[in-house]
Amino acid sequence: MTELEPLRNTFIQEIIDADREAGRHGGRVHTRFPPEPNGYLHIGHARAICVDFGLAMLNGGLCNLRFDDTNPSKEGTEYVEAIKEDVRWLGFDWGDREYYASDYFEYLYQCAIKLIKKGKAYVCDLSPEEIREYRGTLTEPGRESPYRNRSVEENLDLFQRMRAGEFPDGSRTLRAKIDMASPNLNMRDPVIYRIQRVRHHRTGDEWCIYPMYDFAHPLSDAIEGITHSLCSLEFEDHRPLYEWFLRELEIEDPPQQIEFARLEITHVVTSKRVLRRLVEEGHVSGWDDPRMPTLAGLRRRGYTPKSIRTFVARAGVSKTNATIDIALLEHCVREDLNATAPRVMAVLNPLRVVITNYPEDLVEEFPVENNPEDPAAGHRMVPFSRVIYIERDDFMEDPPKNYFRLAPGREVRLKGAYYIKCEEVVKDPETGEIVELRCTYDPESRGGTTPDGRKVRGTLHWVSAAHAVEAEVRLYDHLFKTADPLEGGDIIANLNPDSLRVLTGCLLEPSVRQAKVGDRFQFLRHGYFCVDRDSTPERLVFNRTVSLKDTWAKLQKA
RNA sequence: UGGGGGAUGGGGUAACGGUAGCCCGAUUGGCUCUGGACCAAUUAGUGAAGGUUCGAAUCCUUCUCCCCCAGCCA
């Protein structure tokens, strides 16, 4: 995965280098990717995955997959399966190191007991509202809980009875005894265990008390021998707490938490809450709608894992909150697909062309290269006959001077076949719509060049009417029309009404007939497309992954 | 007006006291049987003000702006 190489150029790598030089952690590098199984992974997670796994890989270390499943009310097995599939798809392997915070519940419980015995934790009877009141504010210190100075014995007894299920949900908590006057709110006696009678997806009804993230995370890292615990910026404030637990529990060779910025992209939203809303309100067809920034959506859209890794590496990793232009992501898929996707001719909006001087029943086959970027890809034979279809946009009755395509009296090249000249435009007498072009071909131009070497500026793609395969093509655009989906405060108002255009009756060259779900192609002069899972042999369905850069479109706009 | 972070061309990201570089984008030109790709060039930057120094994006001082934190979420 050489595309991950730029990750060496990050402040995290510098820390790793310094650690190794100092001989810390015995020179080991061991990271973890710790998703909470409460939703689908999205492009934002891709950075975390690439950084966690990538940095381990780049440093000859290991990365664990650990499900942070300490809140059963939101989590479920369906998510763990989806997450595993997505991480694997992105190209990473955690070997047999698939862990769950819930595997450590007993150990965590014992750690809590230890804290109580040290006088560093206590059972608190305050209600959630009271805890909030006692916590103070950003500018005022908190007040100590009246239960703060219970004896070790009483705390031990109460905590054991919490576990035994003697108290109702929410009635008591176990809290770390730190400092209610700390300017860091996280240090104001944070709750480390709550009572919650919710069935856990792995431990079932074994527990009715569950540890909080701040408590479970450092200890899970410690158990797994993690050296560098990488997380996002909002946890910077939690680092003192992370370290407090490790210190109080006398963990040897403790892991260190290092924070970096989340990945934000223009025209994209990565909030789980918002993504869920889009799905639930039907603005998209599901979590894997090709417009969704989920890994499942990107996969269905046709993005390659490699292009996403490249994107993450090129975007870089820092502590600056930054929004990367979606153009970089699109550039990365184009770059990958340009090198690998077989070319195919597809007429999305067909215009019938009759070549009047071409024999009525003749069918010729022309070789067309599968990928000019890759000679090894070879070529295929494409059938040609008297009636063909070209793109409606490739003809203009009254063209501007910089239009190189077909127009009355003009000559163009049909890719790999012949030069044709437009002789007549046939219109529907009622509507005036152009229904057919009547052209002549130059037999001398067979294969795409003429002996006289005359230049033709335009080369069009085409399909033979008699051999064409019909397909549905779904054209996707950014889900949000504004670079910042939150602009103006109303996400829904910023939805791009043209984010999906479904084209039916598209005509493709016959070589695509065998295409299987997930196969990727470049439709010549259009963009990159892949076969959608809705596709059947009778009814092919393609998704546009990304368009080709279109300088003509740009010229038109100007 | 508590605490924790952050500011380098249009968007990202390097440079760790010594030529501000790279990627994306944009623009221009070249090439082309994809108006793609490719090639070349251009564009444009150290948040502000002081200070230290032969020399400052980098060190010091002050200021400005932005992000995060008051879940029994992670």
Side-chain angles (χ1 to χ4, degrees), chain A residues 6 9-10 14 34-36 38 68-71 73-75 124 126-128 131-133 135-142 169-175 182-188 190-196 209-210 212-214 216-217 231-240 259 261 266 272 311 313-332 334-335 338-339 343 345 368-369 371-373 402-405 412-417 419 447-449 456-461 483 522-527 547-555:
Chain A
N9 208 242
T10 60
E14 282 181 22
E36 182 186 15
N38 72 342
D68 224 325
D69 55 353
T70 56
N71 184 5
S73 61
K74 297 173 159 187
E75 299 153 4
C124 182
L126 254 26
S127 70
I131 286 186
R132 193 185 332 122
E133 285 167 26
R135 184 153 33 224
T137 67
L138 294 179
T139 51
E140 303 157 28
D169 286 10
S171 62
R172 283 180 228 255
T173 56
L174 182 71
R175 295 227 253 162
S182 171
N184 180 346
L185 305 224
N186 295 121
M187 300 301 271
R188 319 242 259 229
V191 170
I192 60 181
Y193 263 95
R194 74 280 218 189
I195 303 172
Q196 210 180 163
I209 57 172
Y210 292 98
M212 299 287 288
Y213 166 87
D214 283 318
H217 209 88
C231 64
S232 45
L233 248 30
E234 68 267 32
F235 292 101
E236 276 179 313
D237 281 351
H238 296 239
R239 194 183 337 124
E259 312 84 9
T266 61
K272 275 185 192 173
F311 167 69
R314 298 236 261 249
V317 175
S318 72
K319 299 191 66 142
T320 312
N321 288 311
T323 305
I324 285 101
D325 195 328
I326 196 168
L328 178 60
L329 211 212
E330 295 172 341
H331 165 83
C332 292
R334 287 193 185 103
E335 182 180 68
N338 177 48
R343 315 283 128 128
M345 292 196 281
V368 180
E369 69 270 2
N371 187 343
E373 305 294 320
N402 57 354
Y403 186 82
F404 308 142
R405 285 117 92 149
V412 295
R413 171 166 40 230
L414 294 177
K415 174 79 180 175
Y419 293 177
T449 48
V456 259
R457 200 57 207 269
T459 300
L460 311 186
H461 59 276
Q522 182 196 103
F523 287 2
L524 231 56
R525 305 206 296 137
H526 281 301
S547 68
L548 243 30
K549 289 219 273 182
D550 188 348
T551 54
W552 168 241
K554 202 177 293 176
L555 284 176

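Numbered from 1 within each chain, the chains take letters A, B, ... in sequence-line order. Everything numeric in this text was worked out from a predicted model, so none of it was measured.
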- Query: If each of A/Gly448 and A/Ala327 is mapped to the nucleotide of RNA chain B with the nearest heavy atom, which maps nearer the 5' terminus, i.e. the 5' end?
  - Reply: A/Ala327
- When rounded to the nearest Å, what value does the distance between P atoms of B/rU43 and B/rC65 take? 34 Å
- Whole-angstrom distance between B/rG9 and B/rG21, as gauged at atom P: 14 Å
- Query: Say you draw a straight line from CG of A/Asp214 to CD1 of A/Ile192; how long is it, rounded to the nearest 0.5 Å?
  - Reply: 10.0 Å
- Mind checking the CG-CG spacing from A/Asn71 to A/Asn38? Nearest 0.5 Å is all I need. 8.0 Å
- Query: Looking at residues at least two apart in the chain, or sitting in another chain, which of them share a salt bridge (charged side-chain N to carboxylate O under 4.0 Å, His left out) with A/Glu369?
  - Reply: A/Lys415
- Query: What's the CG-P distance between A/Leu548 and B/rC38, to the nearest Å?
  - Reply: 11 Å
- Task: Please work out if A/Arg188 contacts a base, only the sugar-phosphate, or nothing of the nucleic acid, heavy-atom cut-off 4.0 Å.
- Result: nothing
- Query: When rounded to the nearest Å, what value does the distance between P atoms of B/rG11 and B/rG35 take?
  - Reply: 33 Å
- Set of residues satisfying side chain to side chain contact (heavy atoms under 4.5 Å, CB included) with respect to A/Tyr213, sequence neighbours excluded: A/Asp68, A/His217, A/Phe235
- Query: Contact class for A/Val368 vs. all strands (heavy atom < 4.0 Å): base, sugar-phosphate, or nothing?
  - Reply: nothing
- Message: Base of B/rU13, side chain of A/Arg314 - is there a donor-acceptor contact under 3.5 Å?
- Response: no
- Message: Please confirm whether the shortest side-chain N or O distance from A/Thr323 to OP1 or OP2 of B/rG11 is below 4.0 Å.
- Response: no
- Message: Using a heavy-atom cut-off of 4.0 Å across all strands, would you classify A/Phe311 as base, sugar-phosphate, or nothing?
- Response: nothing
- Query: Could you give the CZ-to-P distance, from A/Arg525 to B/rA37, as a whole number of Å?
  - Reply: 14 Å
- Message: With a 4.0 Å limit, can you tell me whether A/Thr320 has a side-chain N or O closer than that to the phosphate oxygens OP1/OP2 of B/rA7?
- Response: yes
- Query: What distance, rounded to whole Å, do you find between the two C1' atoms, one in B/rU61 and one in B/rU53?
  - Reply: 16 Å
- Message: Within the 4.0 Å limit for protein heavy atoms, which parts of nucleotides 63-74 of chain B are touched? Write it as a string from 5' to 3', B for base, S for sugar-phosphate only, - for none.
- Response: ----SBBBSBBB
- Message: Let me spell it out: for each of A/Lys319 and A/Asn338, pick the nucleotide of RNA chain B with the closest heavy atom. Which residue's pick is nearer the 5' end?
- Response: A/Lys319
- Which residues share a salt bridge (charged side-chain N to carboxylate O under 4.0 Å, His left out) with A/Arg314, sequence neighbours left out: A/Glu335
- Whole angstrom is fine here: how far is it from CD1 in A/Ile326 over to P in B/rG12? 15 Å
- side-chain hydrogen bond (donor to acceptor under 3.5 Å, both in side chains) with A/Asp325: which residues, sequence neighbours excluded? none
- Message: Side-chain N or O of A/His331 versus OP1/OP2 of B/rC24: is the shortest distance under 4.0 Å?
- Response: yes
- Tell me, please, which residues at least two apart from A/Arg343 pass side-chain hydrogen bond (donor to acceptor under 3.5 Å, both in side chains). A/Asn338, A/Asn371
- Message: Without decimals, in angstroms, what is the distance between A/Leu555 CG and B/rG29 C1'?
- Response: 14 Å
- Item | Dot-bracket encoding per residue of RNA chain B, Watson-Crick/G-U cut-off under 3.5 Å, | denoting interstrand | .((((((..((((....[..)))).(((((.......)))))....(((((..]....))))))))))).....
- Query: Atom CZ of A/Arg334 to atom P of B/rA37: distance rounded to whole Å?
  - Reply: 7 Å
- Task: Figure out the CH2/C1' separation between A/Trp552 and B/rG35, and round it to whole Å.
- Result: 9 Å
- Using a 90° cut-off around 0 for syn, call B/rG71 syn or anti. syn
- Query: Per the atom types in the model, does the base of B/rG35 pair as donor or acceptor with the side chain of A/Arg405 at under 3.5 Å?
  - Reply: yes
- Task: Any chance you could measure A/Leu555, atom CG, to A/Tyr403, atom OH, to the nearest 0.5 Å?
- Result: 12.5 Å
- Message: Suppose you measure atom C1' in B/rA15 against the same atom in B/rU46; what distance do you get, rounded to whole Å?
- Response: 11 Å
- Message: On a heavy-atom basis, which atom in A/Thr70 and which in A/Ala216 lie closest, and how many Å separate them?
- Response: CG2-CB, 3.8 Å
- Message: Any base atoms under 4.0 Å from A/Pro240, or only sugar-phosphate, or nothing? Heavy atoms, all strands.
- Response: nothing
- Taking only residues two or more places apart in sequence or in another chain, which ones pass salt bridge (charged side-chain N to carboxylate O under 4.0 Å, His left out) with A/Lys319? A/Glu236, A/Glu259
- Query: Under 3.5 Å, is there an N or O donor on one side and an acceptor on the other linking the side chain of A/Glu236 and the base of B/rG6?
  - Reply: no
- Message: Between B/rA44 and B/rG10, how far apart are the two P atoms, rounded to whole Å?
- Response: 10 Å
- Message: Can you identify which nucleotide, out of B/rC16, B/rG36, B/rU32, has its nearest atom closest to the A/Arg457 side chain?
- Response: B/rU32
- Whole Å only: how far is the CG atom of A/Leu328 from the P atom of B/rG12? 11 Å
- A/Glu14 CD to B/rU13 P: how many Å, rounded? 14 Å
- Item | Test salt bridge (charged side-chain N to carboxylate O under 4.0 Å, His left out) applied to A/Arg525 - qualifying residues, sequence neighbours left out | A/Asp394
- Item | Euclidean distance, A/Met345 CE relative to A/Leu414 CG, rounded to 0.5 Å | 8.5 Å
- Touch class at under 4.0 angstrom, heavy-atom based, for A/Gln522 against every strand present: base
- Task: With C1' as the reference atom in both, quote the distance from B/rA56 to B/rC66 in angstrom, rounded to an integer.
- Result: 25 Å
- Query: Roughly how far apart, to the nearest Å, are B/rA57 and B/rU8 at atom P?
  - Reply: 15 Å
